[in-house]
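Here's the structure, in structure tokens; my notes come after.
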Amino acid sequence: MSVILHIGQPKTGTTAIQNALVAQRDLLIKHGTLYPSPKHIPYVHHFLPVLIEDPDKIAQHTLNRMGFSPTVCKGMAREELALVRQQVDAVQPKQIILSSESMFRSFSTAKFDHLKQLLADLGDEVRVVAYLRNPADHYMSRAQQQLRNRAEIVSPDPNRTIGPLTAYRAAFGDAFECRVYDRKVLRDGDVIRDFWDYAGLDPNLMPSNADSDNSSISAEAMSVFLRINPPTDAKTPDEAKEHSRRRRAVLQADADLPGATKPRLRPEIRDYIIRSNTELLQQRDEFGLVFPGLDYSIVGQNVPTQTPTFSRIEELCELDPARRDALEARVRAELAPSWRHRLRQLVAH
């Protein structure tokens, strides 16, 4: 029995791959491949980093989904692993696929040994795959993700990928493979099709409505997220619920209001990101990762000494101010408490 561990990198179509595997889970089982279904987060296997990571280093988004307490989270992760083992025993597949973008990090040798033992208990052959993205495109996607959760524009610091890549190569040797996330080089221009090919899955088992284009929000929606979100992560169930309510309101209004501006980094910001990401040369020379259209001659050249910071989305990309204002008005109207809610609050006090 073989095991494939898909580790991201985050913002490289991981959700699309996971959703496709979930959609075809029953059909894949019939053809010898199991994508296990955890209890607490059914489409992804974040219990893996929880099991091997120190309690104080568990990602906040994972804590939000698995109990908000490191102790509770660890207990849930052990339950998830036991459930996966039960599914493996019941199905007896030829191949198991596990996926968690939270695994894209450098672990200590001891933690990698723990991981390898966990995987070896599931199968006798283990392969690990990671996708990497042009850092400018990755930054825009990461900035959007951050804005969905808190009122902050993430700094365009250089991506730190060589650490995880080197660590996984040291731990898994030739069983570790990294691939470029770019339509120009992906199989059929599609990350789902590309992963299907890597895993040796029959293309006919792909979902008919598979969509690897996890459409970004508009530039105007990015600005609205910045205006309505608090500058902190959700740390309690109530805060997480309120974050979700705001997020749904913005996404729905953005979908309903025509004239969306696709967010594109201003040329000077894109240029800075490419110049400052010196690991691009190591990715190319040591791991064979070459991003189409990227000018490698400017990497590491004339890099400003100070990392730019941003307080407005307009500093990152162009947008339509009129649409932004109309979008914000819609969202605030949707989020405003109803008269029934206000009356309940008055009665309660």
Side-chain angles (χ1 to χ4, degrees), residues 2-18 45 48-49 52-53 97-113 115-116 119 125-142 156-201 212 270-301 303:
S2 63
V3 179
I4 291 176
L5 175 60
H6 167 231
I7 63 170
Q9 173 191 29
K11 317 311 298 179
T12 59
T14 51
T15 300
I17 291 172
Q18 291 156 0
H45 305 109
L48 284 171
I52 66 175
E53 191 56 277
I97 298 177
L98 301 170
S99 178
S100 171
E101 60 270 34
S102 293
M103 291 297 295
F104 191 84
R105 65 179 80 174
S106 297
F107 296 106
S108 66
T109 300
K111 290 174 182 175
F112 268 121
D113 288 342
L115 173 64
K116 289 192 287 185
L119 298 177
E125 179 188 349
V126 177
R127 292 190 291 153
V128 182
V129 62
Y131 286 88
L132 278 87
R133 190 174 189 175
N134 179 308
D137 298 333
H138 186 267
Y139 169 72
M140 175 56 79
S141 184
R142 189 163 56 96
D157 297 316
N159 284 353
R160 300 303 179 194
T161 61
I162 292 300
L165 295 180
T166 301
Y168 271 96
R169 174 179 281 179
F172 291 94
D174 292 339
F176 172 61
E177 180 175 340
C178 41
R179 295 184 165 209
V180 169
Y181 177 80
D182 189 291
R183 288 186 180 276
K184 295 183 179 67
V185 297
L186 292 170
R187 181 66 180 268
D188 297 338
D190 182 274
V191 70
I192 299 174
R193 178 67 179 87
D194 195 85
F195 181 82
W196 236 248
D197 186 65
Y198 168 82
L201 302 175
S212 63
R270 192 175 188 88
D271 182 81
Y272 167 81
I273 292 173
I274 300 303
R275 289 179 184 275
S276 64
N277 273 267
T278 56
E279 288 191 356
L280 282 166
L281 301 178
Q282 289 176 273
Q283 290 177 3
R284 180 194 63 188
D285 299 339
E286 298 177 19
F287 294 91
L289 294 167
V290 178
F291 297 102
L294 193 148
D295 183 2
Y296 283 89
S297 68
I298 69 171
V299 176
Q301 302 298 313
V303 181

Side chains of F104 and L165 in contact at under 4.5 Å (non-hydrogen atoms)
yes
Can you check side-chain contact (heavy atoms from CB on, under 4.5 Å) on L5 and L119, steps first, answer last?
CA-CA 9 Å; L5 175 60; L119 298 177; 4.0 Å; yes
What's the spacing between Q18 CD and S99 OG if we round to 0.5 Å?
3.5 Å
Give, for atom CG of L201 and atom CD1 of I192, the distance between the pair rounded to the nearest 0.5 Å.
12.0 Å
F172 versus V126, closest heavy-atom pair with distance:
CE2-CG1, 3.9 Å
pair V185-P292: side-chain heavy atoms closer than 4.5 Å:
yes
Taking side chain as C-beta onward, heavy atoms only, is V290 less than 4.5 Å from R284?
yes
I'd like to know if the side chain of S141 and the backbone of H138 have a donor-acceptor N/O pair within less than 3.5 Å.
no
Apply the test salt bridge (Lys or Arg N to Asp or Glu O under 4.0 Å) to residues D137 and R270: give CA-CA distance (whole Å), side-chain angles for both, the deciding distance (0.1 Å), then the verdict.
CA-CA 9 Å; D137 298 333; R270 192 175 188 88; 2.9 Å; yes
Please walk me through it: do I4 and Y198 pass side-chain contact (heavy atoms from CB on, under 4.5 Å)?
CA-CA 10 Å; I4 291 176; Y198 168 82; 3.8 Å; yes
Minimum heavy-atom separation for L132 to C178, with atom names?
CD1-CB, 4.1 Å
Using a 6.0 Å cut-off, check whether atom CG of D174 has over 12 heavy atoms from anything other than its own residue.
no
Is there a side-chain contact between L294 and N134 in this structure, where contact means two heavy atoms from C-beta onward sitting under 4.5 Å apart?
yes
So side-chain hydrogen bond (donor to acceptor under 3.5 Å, both in side chains) across residues 160-172, not counting sequence neighbours, yields T161-E279, T161-Q283
In this structure, CG of D271 is separated from OG of S276 (nearest 0.5 Å) by 9.5 Å
Side chain to side chain donor-acceptor pair (under 3.5 Å) filter on Y131, not counting sequence neighbours, yields D194
Any sub-3.5 Å donor-acceptor pair from K116's side-chain atoms to A171's backbone N or O?
yes
When you compare the side chain of F287 with that of Q282, does any pair of heavy atoms fall below 4.5 Å?
no
Is R133 positioned over the aromatic face of Y139, cation under 6.0 angstrom from the ring centre and no more than 45 degrees off axis?
no
dist I52:CD1 -> F107:CZ (nearest 0.5 Å) comes out at 4.0 Å
For side-chain contact (heavy atoms from CB on, under 4.5 Å), just list the numbers for L280 and N159, CA-CA rounded to whole Å, side-chain angles, deciding distance to a tenth of an Å, and then say yes or no.
CA-CA 9 Å; L280 282 166; N159 284 353; over 6 Å; no
Under 6.0 Å from the six-membered ring centre of F176 and within 45° of its axis: does the NZ or CZ of R127 meet both?
no
Nearest-0.5 Å distance that lies between atom CZ in R275 and atom OG in S297:
8.0 Å
What's the shortest heavy-atom distance between P49 and R105, and which atoms?
CB-NH2, 4.5 Å
side-chain contact (heavy atoms from CB on, under 4.5 Å) assessment of E101 paired with K11:
CA-CA 9 Å; E101 60 270 34; K11 317 311 298 179; over 6 Å; no
Are any of the side-chain heavy atoms of I17 and V191 separated by less than 4.5 Å?
yes
Minimal non-hydrogen separation, Y272 against P156, with atom names:
CE2-O, 3.7 Å
Which atoms form the tightest heavy-atom contact between G163 and S106, and what is the distance?
C-OG, 2.9 Å
Provide the closest heavy-atom pair for V180 versus L186 in the form atom of the first, atom of the second, distance.
O-CD2, 3.4 Å
Taking atom CH2 of W196 and atom CG of D188, what is their separation to the nearest 0.5 Å?
13.5 Å
N277 (side chain) donor-acceptor with I273 (main chain) under 3.5 angstrom:
yes
